[in-house]
Undergrad: 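Take a look at the following structure, please.
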Amino acid sequence: MPIEVLQADITTLDVEAIVNAANETLLGGGGVDGAIHRAAGPGLLAQCRALPEVRRGVRCPTGEARITDGHRLRARYVIHTVGPVWRGGHAGEAGLLAACYRNSLQLATEHGIASIAFPAISCGVYGYPPAAAVPLAVSEVRAWHEAHGGLERVVFACFGDAMAASYRAALG
Ligand code: APR
């Protein structure tokens, strides 16, 4: 299965699903979350708002994922996942970030999605060091494919030369 690294705005990619680095409210934000909502249009927010809260103000707990339509995006689906906020590395961050990738891929498999793009989850506002997050992302995607198959194309969509180099190094 080809894994690509593209320096691109994830909202422009021609894949079946793009993954959103969201927050637990699923009501939008900045960064990639803001870009996806801007490109998808108001229908995405409306659909997210209609998702059930698991507790007050929380539609998607950290580490979990939810799927919606892509609305005005080229992608048919958006898979929203909530990465951990980096708190120094001793608060279970790695396990939660790994769960983001696994739960996103689980939803993709359940929906027969064969092409998917991931941003660098938690590596922006949430402060996760790319040196730790990027190898984890690559190993989780590879492990999922080896165990479950089903994926024809995975794209890591990133901003910046350094981030792209980090993914390429992790892919070996
Ligand atoms: N396409 C691809 N990558 C992007 C895009 C985009 N359009 N916009 C930002 N990025 C990159 C950032 O440069 C960073 O490397 O995505 C990575 C993730 O950064 P954030 O979007 O800040 O996501 P995260 O660190 O997971 O923080 C999530 O930020 O936007 C809010 O609502 C969101 O509260 C949540 C928090």
Side-chain angles (χ1 to χ4, degrees), residues 3-42 44-49 51 53-54 57-68 70-75 77-89 91-105 115-138 140-141 153-171:
I3 300 178
E4 298 167 61
V5 180
L6 294 179
Q7 289 184 243
D9 174 349
I10 200 168
T11 66
T12 66
L13 297 181
D14 188 10
V15 289
E16 290 171 86
I18 61 173
V19 176
N20 181 19
N23 61 65
E24 291 190 332
T25 69
L26 290 193
L27 299 182
V32 72
D33 196 4
I36 288 174
H37 276 275
R38 278 192 301 278
L44 179 60
L45 180 59
Q47 190 175 1
C48 288
R49 197 185 300 279
L51 293 173
E53 293 187 344
V54 295
V58 176
R59 289 179 180 79
C60 185
T62 299
E64 293 189 18
R66 299 290 188 269
I67 191 165
T68 65
H71 297 271
R72 294 177 188 160
L73 287 162
R74 295 178 76 176
Y77 297 102
V78 179
I79 293 174
H80 309 260
T81 193
V82 180
V85 175
W86 180 254
R87 302 185 194 285
E93 295 97 323
L96 287 166
L97 186 60
C100 286
Y101 287 93
R102 282 200 302 274
N103 286 321
S104 297
L105 290 164
S115 60
I116 186 168
F118 288 94
I121 301 165
S122 282
C123 290
V125 165
Y126 282 1
Y128 210 117
V134 169
L136 182 154
V138 169
E140 286 300 325
V141 166
R153 183 184 181 215
V154 175
V155 178
F156 287 115
C158 53
F159 274 7
D161 295 338
M163 188 63 88
S166 180
Y167 275 104
R168 292 191 175 108
L171 286 164

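Counting starts at 1 for both ligands and their atoms, in listed order.
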Undergrad: At what distance is the nearest protein heavy atom to atom 1 (N) of ligand 1, and which residue and atom is it?
TA: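 Answer, as residue, atom name and distance: Ile10 N, 3.0 Å.
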Undergrad: I need the single residue from Asp9, Ile18, Asn20 that forms a side chain to side chain contact (heavy atoms under 4.5 Å, CB included) with Val32. Which is it?
TA: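 Only one of Asp9, Ile18, Asn20 forms a side chain to side chain contact (heavy atoms under 4.5 Å, CB included) with Val32, namely Asn20.
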Undergrad: Heavy-atom distances under 4.0 Å decide this one: backbone, side chain, both or neither, for Ala8 against ligand 1?
TA: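 For Ala8, only backbone atoms sit under 4.0 Å from ligand 1.
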Undergrad: Which residue owns the protein heavy atom closest to atom 34 (O) of ligand 1, what's the atom, and how far is it?
TA: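 Atom 34 (O) of ligand 1 sits closest to the protein heavy atom Tyr126 OH, 3.1 Å.
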Undergrad: Any side chain to side chain donor-acceptor pair (under 3.5 Å) pairs touching residues 154-170, not counting sequence neighbours?
TA: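 Checked against side chain to side chain donor-acceptor pair (under 3.5 Å) - neighbours excluded - the pairs reaching residues 154-170 are Gln7-Asp161.
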Undergrad: By number and element, which atoms of ligand 1 are closer than 4.0 Å to a non-hydrogen atom of Asp33?
TA: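 Once the distances to Asp33 are compared, the set is 30 (O), 32 (O), 33 (C).
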Undergrad: Looking at Ala22, which atoms of ligand 1 are within less than 4.0 Å of one of its heavy atoms?
TA: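 So the atoms of ligand 1 that pass are 35 (C).
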Undergrad: Considering non-hydrogen atoms of the protein only, which is the closest contact for atom 21 (O) of ligand 1, and what is the distance?
TA: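 That would be Val32 N, 2.8 Å.
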Undergrad: Can you see which heavy atom on Cys158 is nearest to which on Val5, and at what distance?
TA: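 The answer is SG-CG1, 4.0 Å.
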Undergrad: With a 4.0 Å cut-off on heavy atoms, is Cys123 touching ligand 1?
TA: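 It does, in that a heavy atom of Cys123 comes within the 4.0 Å cut-off of ligand 1.
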Undergrad: With a 3.5 Å distance limit and no angle check, can you tell me whether Ser122 reaches the backbone of Pro84 through a side-chain donor-acceptor pair?
TA: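 Pair found, side chain donor or acceptor close to backbone of Pro84.
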Undergrad: Taking the side chain from Asp14 and the backbone from Arg74, do they hold a donor-acceptor pair closer than 3.5 Å?
TA: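 Not a single qualifying donor-acceptor pair exists.
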Undergrad: Roughly how far, to the nearest 0.5 Å, is CD1 of Ile116 from CG of Leu105?
TA: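 Nearest 0.5 Å value for the CG-CD1 distance: 5.5 Å.
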Undergrad: As an exercise, identify every atom of ligand 1 less than 4.0 angstrom from a heavy atom of Gly30.
TA: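 Matching atoms, with element in brackets: 30 (O), 31 (C).
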Undergrad: Check whether any N or O atom of Gly124, backbone or side chain, sits under 3.5 Å from an N or O atom of ligand 1, and answer yes or no.
TA: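 Between Gly124 and ligand 1, an N or O pair is found under 3.5 Å apart.
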Undergrad: With side chain to side chain contact (heavy atoms under 4.5 Å, CB included) as the test, pick out the partner of Arg59 among Val54, Val82, Leu51.
TA: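 Of Val54, Val82, Leu51, side chain to side chain contact (heavy atoms under 4.5 Å, CB included) with Arg59 is met by Leu51 alone.
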Undergrad: Considering only heavy atoms of Ala35, which atoms of ligand 1 have at least one such atom less than 4.0 Å away?
TA: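 Going through ligand 1 atom by atom, the ones under 4.0 Å from Ala35 are 7 (N).
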Undergrad: At what distance is the nearest protein heavy atom to atom 10 (N) of ligand 1, and which residue and atom is it?
TA: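 Looking only at protein heavy atoms, the one closest to atom 10 (N) of ligand 1 is Phe159 CD2, 3.9 Å.
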Undergrad: Which residue supplies the protein heavy atom nearest to atom 26 (O) of ligand 1, what is that atom called, and how far is it?
TA: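 Atom 26 (O) of ligand 1 sits closest to the protein heavy atom Ser122 N, 2.9 Å.
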Undergrad: What protein heavy atom is closest to atom 23 (O) of ligand 1, reported as residue, atom name and distance in Å?
TA: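 For atom 23 (O) of ligand 1, the nearest protein heavy atom comes out as Ala21 CB, 3.7 Å.
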Undergrad: Can you name the side chain to side chain contact (heavy atoms under 4.5 Å, CB included) partners of Glu64, sequence neighbours left out?
TA: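 Here the qualifying residues are Cys60, Pro61, Arg66.
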Undergrad: Around atom 15 (O) of ligand 1, find the nearest protein heavy atom and jot down its residue, atom name and distance.
TA: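 Scanning the protein heavy atoms, the shortest distance from atom 15 (O) of ligand 1 goes to Met163 CE, 3.8 Å.
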Undergrad: Quick test: of every protein heavy atom, which one is nearest to atom 18 (C) of ligand 1, and how far off is it to 0.1 Å?
TA: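 Ranking protein heavy atoms by distance from atom 18 (C) of ligand 1, first comes Ala120 O, 3.2 Å.
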Undergrad: Under 4.0 Å from a heavy atom of Asp9: which atoms of ligand 1 are those, numbered in the order shown and with their elements?
TA: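 Going through ligand 1 atom by atom, the ones under 4.0 Å from Asp9 are 1 (N), 6 (C), 7 (N).
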Undergrad: Report the part of Pro130 in contact with ligand 1, treating N, CA, C, O as backbone and CB onward as side chain, heavy atoms under 4.0 Å; options are side chain, backbone, both, neither.
TA: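 No part of Pro130 comes within reach of ligand 1.
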Undergrad: Could you report the tightest heavy-atom contact between Ala94 and Leu136, atom names first, then the distance?
TA: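 Closest heavy-atom pair between Ala94 and Leu136: O-CD1, 3.5 Å.
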Undergrad: At the 4.0 Å heavy-atom cut-off, does Thr11 count as touching ligand 1?
TA: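 Contact absent.
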Undergrad: Testing Val141, Val19, Ile67 one by one against Ser104 for a side chain to side chain contact (heavy atoms under 4.5 Å, CB included), which residue passes?
TA: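 Single pass found, and it is Val19.
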Undergrad: Do you know the tightest heavy-atom contact between Pro130 and Met163?
TA: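 Heavy-atom minimum between the residues: CG-CE, 3.7 Å.
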